[in-house]
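Below is one structure, written out as structure tokens; comments come after it.
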Amino acid sequence: MKLLILPGSIRKESYNLKLAALAAEHARQAGVEVDLVAPDDLRPIPLYNGDLEEAEGLPTAVKTLKQRFIAAQAIVLACPEYNSSITPLLKNTLDWVSRAETDDEPSLAAYQGKVAGLLSASPGGFGGMRGLVTVRSMLGNIGVIVVPTQLAIPKAYEAFDDQGALKEARQQKSLAGVVDEVIRVAKALAIKS
Ligand SMILES: Cc1cc2nc3c(=O)[nH]c(=O)nc-3n(C[C@H](O)[C@H](O)[C@H](O)COP(=O)(O)O)c2cc1C
């Protein structure tokens, strides 16, 4: 059982990077192997362009990340919200990873049957919850089973302490709840298949 954790921001002080790190810490404590995607893994990914793909195939950074998706049974995404929707970084990354490298590769190989959980944090009052609606809908359409439990942290500027931990016990519990639910459902599906 491997859990891939994908942050939707590469900003140095990103709240969502902090959430991704906390999710990784909790999953490791729960005994799960974690693959935490770092900002440096995402930075080299170019803006999707069909001409580039046709000329050169998938960029190396995309190929590497796609293999990491394929190796994982479950995913946690920490998603900032831009204008009530998914960030360009996250959408672009997920779009590239959705592309097949060969004609005989099964469609959406990186996503089909994976279990995902969603987190977000924002300075706003809704905590990025409206963006999660978009992410949930998109993932559902590409074969990902997104668990209903999710966490959106409002007023993120006051939610974390200096070590990057969530100050409120209620929010710590909710984050652990999302990660635990993803692990539980992924394990249950693995037993059945
Ligand atoms: C283009 C843009 C649009 C944004 N739109 C929203 C929004 O709709 N809702 C919201 O809560 N925050 C919005 N924000 C603020 C982000 O939530 C904030 O920049 C946050 O820190 C981004 O996540 P990060 O800290 O993980 O980088 C927006 C920021 C940008 C740059």
Side-chain angles (χ1 to χ4, degrees), residues 3-28 34-49 61-62 64-65 68-69 72 74-98 111 114 116-141 144 146-182:
L3 175 68
L4 182 89
I5 303 186
L6 180 69
S9 173
I10 52 175
R11 199 172 67 85
K12 256 197 325 270
E13 296 299 323
S14 161
Y15 303 123
N16 290 280
L17 270 179
K18 289 179 184 164
L19 280 185
L22 292 174
E25 191 183 323
H26 179 75
R28 287 193 189 105
V34 170
D35 183 5
L36 176 59
V37 177
D40 279 350
D41 303 328
L42 301 176
R43 279 197 186 94
I45 297 179
L47 190 61
Y48 178 80
N49 171 353
V62 173
T64 307
L65 185 60
R68 291 166 73 178
F69 267 82
I75 311 162
V76 167
L77 297 100
C79 315
E81 174 181 288
Y82 282 3
N83 296 314
S84 314
S85 189
I86 189 169
T87 58
L89 174 87
L90 195 53
K91 181 72 167 66
N92 186 57
T93 301
L94 294 171
D95 285 347
W96 267 119
V97 168
S98 74
Y111 300 125
K114 301 284 153 82
L118 306 182
L119 308 170
S120 72
S122 103
F126 296 114
M129 195 185 292
R130 294 170 304 180
L132 294 187
V133 175
T134 314
V135 179
R136 177 178 293 279
S137 161
M138 191 196 78
L139 290 176
N141 289 334
V144 178
V146 188
V147 301
T149 324
Q150 64 181 30
L151 171 65
I153 297 188
K155 296 185 184 173
Y157 47 84
E158 60 184 28
F160 298 89
D161 69 18
D162 292 344
Q163 279 71 50
L166 285 167
K167 290 184 197 163
E168 277 191 26
R170 184 176 50 90
Q171 292 180 337
Q172 293 168 11
K173 205 172 155 198
S174 296
L175 183 135
V178 173
V179 175
D180 290 344
E181 183 62 1
V182 169

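Indexing begins at 1, ligand by ligand and atom by atom, following the structure's order. These figures come from a predicted structure and were not determined experimentally.
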Is there a polar contact, in the sense of an N or O pair closer than 3.5 Å, between Tyr82 and ligand 1?
no
Looking only at non-hydrogen atoms, the one of Pro80, Gly125, Gly128, Ser84 nearest atom 8 (O) of ligand 1 is Ser84
Given side chain to side chain contact (heavy atoms under 4.5 Å, CB included), test Thr87 with Asn16 step by step and report yes or no.
CA-CA 12 Å; Thr87 58; Asn16 290 280; over 6 Å; no
Indicate whether atom 19 (O) of ligand 1 is within a distance of less than 4.0 angstrom of some protein heavy atom.
no
If we only count heavy atoms from C-beta on, is the Leu19 to Val76 side-chain gap below 4.5 Å?
no
When you measure from atom 5 (N) of ligand 1 to every protein heavy atom, which one gives the shortest distance, and what is it?
Asn83 N, 2.7 Å
Who's the nearest protein heavy-atom neighbour of atom 11 (O) of ligand 1, and how far?
Ser122 OG, 2.6 Å
For Lys12 and Leu17, the nearest pair of non-hydrogen atoms, with its separation, is O-CD1, 4.4 Å
Could you walk me through whether Leu65 and Leu42 pass the side chain to side chain contact (heavy atoms under 4.5 Å, CB included) test, one step at a time?
CA-CA 9 Å; Leu65 185 60; Leu42 301 176; 4.0 Å; yes
among protein heavy atoms, the one nearest atom 27 (O) of ligand 1 is Ser9 OG, 2.7 Å
Could you grab the distance from atom CD1 of Ile45 to atom CG of Leu89, nearest 0.5 Å is fine?
7.5 Å
What distance separates Arg68 CZ from Leu36 CG, expressed to the nearest 0.5 Å?
8.0 Å
Contact atoms of ligand 1, heavy-atom distance to Asn16 under 4.0 Å
23 (O), 24 (P), 26 (O)
Report yes if some N/O of Arg11 lies less than 3.5 Å from some N/O of ligand 1; otherwise report no.
yes
For atom 10 (C) of ligand 1, closest protein heavy-atom neighbour
Glu81 OE2, 3.5 Å
contact_flag Arg130 ligand 1 heavy-atom lt 4.0 Å
yes
Do other residues, nucleotides or ligands put more than 12 heavy atoms under 6.0 Å from Phe126 CZ?
no
Location of contacts on Ser14 toward ligand 1, heavy atoms closer than 4.0 Å
both
Between Lys167 and Gln172, what is the shortest heavy-atom contact and its length?
O-NE2, 3.9 Å
